[in-house]
*Asks:* 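The structure's right below; bear with me while I get my questions together.
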Amino acid sequence: MPAAELYSEHPLFGGAIANTFPRRFQDVSNIRQVPDHQEAFTDPARDESLIFELLEFKNEVGDTGSAAWFLQDLANEQNAEGCTLLEQSGVVEAPGLTYRNIPAVITTAIGQMAISKGRQGREAQNIVRVYLANIRLRGVGTDVLITGYEPLLINPLSESANTVGAGLAVPATQSGFLPMIEVFKLAVSSFKVHDWNLFGSAAA
């Protein structure tokens, strides 16, 4: 891991969940007024984001390809253009997240799309690479999404251009930082549930 990076375990959702990722990612959940089922972290200097989301389990979505399904759903929600699926994984069991002998499974997908920030329109879209993991906690009826956003090209009209600068994004390794794909992998592999009561009646 690059020497410039400092890491720590971050408590999520009141400490019920824990996750490890670089300290340069700041908690912006309150600033952005994200919904209660989400927690958002960002590195403003690089315009990279890491978002954790708890959703009601989608029984109509099969385990195989579930991350790719959620990636497309995310693109639809954000009115993204040119959403391209670059890579997707198979289904992997997560023994450490077993609840009442019901194993959790994980799938991941990587895509590329053009999205705008906040209320900015299509004329201000940035091209981003999106890393998405779907952790399926079937035992408590919950789909967990871990999503990483890595800007590839910053539009001069985007508000991101004010802090990061317009044009091609500077690769993380050039700045001595862990690339977003590695931040994402670390977040997925270090996901822990400390208190299953977070999931309410499903965990009763």
Side-chain angles (χ1 to χ4, degrees), residues 10 12-13 16-21 25 29 34-42 48-115 127-152 179-204:
H10 300 258
L12 305 174
F13 301 101
I17 290 171
N19 199 268
T20 300
F21 50 89
F25 286 85
S29 302
V34 300
D36 290 342
H37 65 275
Q38 273 187 18
E39 294 217 359
F41 298 81
T42 186
E48 294 177 342
S49 299
L50 199 55
I51 296 172
F52 301 85
E53 189 169 5
L54 307 179
L55 300 173
E56 189 172 340
F57 193 89
K58 293 202 177 296
N59 288 300
E60 70 273 21
V61 178
D63 291 344
T64 302
S66 68
W69 186 93
F70 279 108
L71 185 73
Q72 185 58 59
D73 187 57
L74 182 72
N76 295 342
E77 271 184 19
Q78 300 197 25
N79 294 317
E81 288 189 338
C83 178
T84 305
L85 178 65
L86 303 175
E87 187 180 313
Q88 64 178 317
S89 76
V91 179
V92 179
E93 276 203 9
L97 295 172
T98 295
Y99 183 77
R100 291 188 175 170
N101 296 321
I102 302 172
V105 296
I106 302 175
T107 58
T108 61
I110 301 173
Q112 192 165 303
M113 60 187 78
I115 56 175
I127 297 174
V128 297
R129 186 155 291 159
V130 181
Y131 305 90
L132 188 146
N134 175 209
I135 304 175
R136 314 210 79 187
L137 302 178
R138 196 180 301 274
V140 288
T142 302
D143 271 313
V144 178
L145 300 185
I146 301 176
T147 311
Y149 291 87
E150 176 186 25
L152 301 178
M180 194 63 208
I181 187 169
E182 298 300 331
V183 172
F184 170 73
K185 286 178 180 176
L186 178 61
V188 174
S189 64
S190 66
F191 185 89
K192 292 183 212 165
V193 177
H194 288 314
D195 184 0
W196 289 95
N197 291 321
L198 171 69
F199 305 102
S201 57

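The first residue of the sequence shown is numbered 1, and numbering continues consecutively from there. We use all heavy atoms of the structure for the numbers below, so side chains are in, but hydrogens, waters and symmetry mates are not.
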*Asks:* Nearest 0.5 Å please: distance from the CZ atom of F191 over to the CG atom of L12.
*Replies:*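 Those atoms lie 7.5 Å apart.
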*Asks:* Quick one: do L74 and L145 satisfy side chain to side chain contact (heavy atoms under 4.5 Å, CB included)? Show the steps, please.
*Replies:* CA-CA 11 Å; L74 182 72; L145 300 185; over 6 Å; no
*Asks:* For L132 and F70, work out which heavy atoms get closest and say how close.
*Replies:*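 Answer, listing the atom of L132 first, then F70: CD2-CB, 3.9 Å.
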*Asks:* Could you pull out the closest heavy-atom pair between V128 and P151, with the gap in Å?
*Replies:*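 In terms of heavy atoms, the two residues are closest at CG1-CA, 3.9 Å.
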*Asks:* For the aromatic rings, using the six-membered ring if either is Trp, is the centroid distance between H10 and F41 under 6.0 Å?
*Replies:*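 That pair passes the under 6.0 Å test.
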*Asks:* Which salt bridge (charged side-chain N to carboxylate O under 4.0 Å, His left out) pairs, counting each pair once, include a residue from residues 133-144, with sequence neighbours left out?
*Replies:*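 Applying salt bridge (charged side-chain N to carboxylate O under 4.0 Å, His left out) to every pair that reaches into residues 133-144, excluding sequence neighbours, yields D63-R136, D63-R138, R136-D143.
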*Asks:* Measure the spacing between CZ of F13 and CG of N19 and express it to the nearest 0.5 Å.
*Replies:* 10.5 Å
*Asks:* For H194 and A18, work out which heavy atoms get closest and say how close.
*Replies:* NE2-CB, 3.5 Å
*Asks:* At what distance, to the nearest 0.5 angstrom, does CZ of F199 lie from CG of L137?
*Replies:* 5.0 Å
*Asks:* Roughly how far apart are T84 OG1 and R129 CZ, rounded to 0.5 Å?
*Replies:* 10.0 Å
*Asks:* Which residue pairs pass the salt bridge (charged side-chain N to carboxylate O under 4.0 Å, His left out) test when at least one of the two sits in residues 70-97, sequence neighbours left out?
*Replies:* E81-R122
*Asks:* Is atom CG of D36 surrounded by more than 12 heavy atoms (other residues, nucleotides or ligands) closer than 6.0 Å?
*Replies:* no
*Asks:* Just how far is it from atom OG1 of T42 to atom CD of E48, taken to the nearest 0.5 Å?
*Replies:* 8.0 Å
*Asks:* Give, for atom OG of S49 and atom CE of M180, the distance between the pair rounded to the nearest 0.5 Å.
*Replies:*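 Spacing of OG (S49) from CE (M180) equals 7.5 Å.
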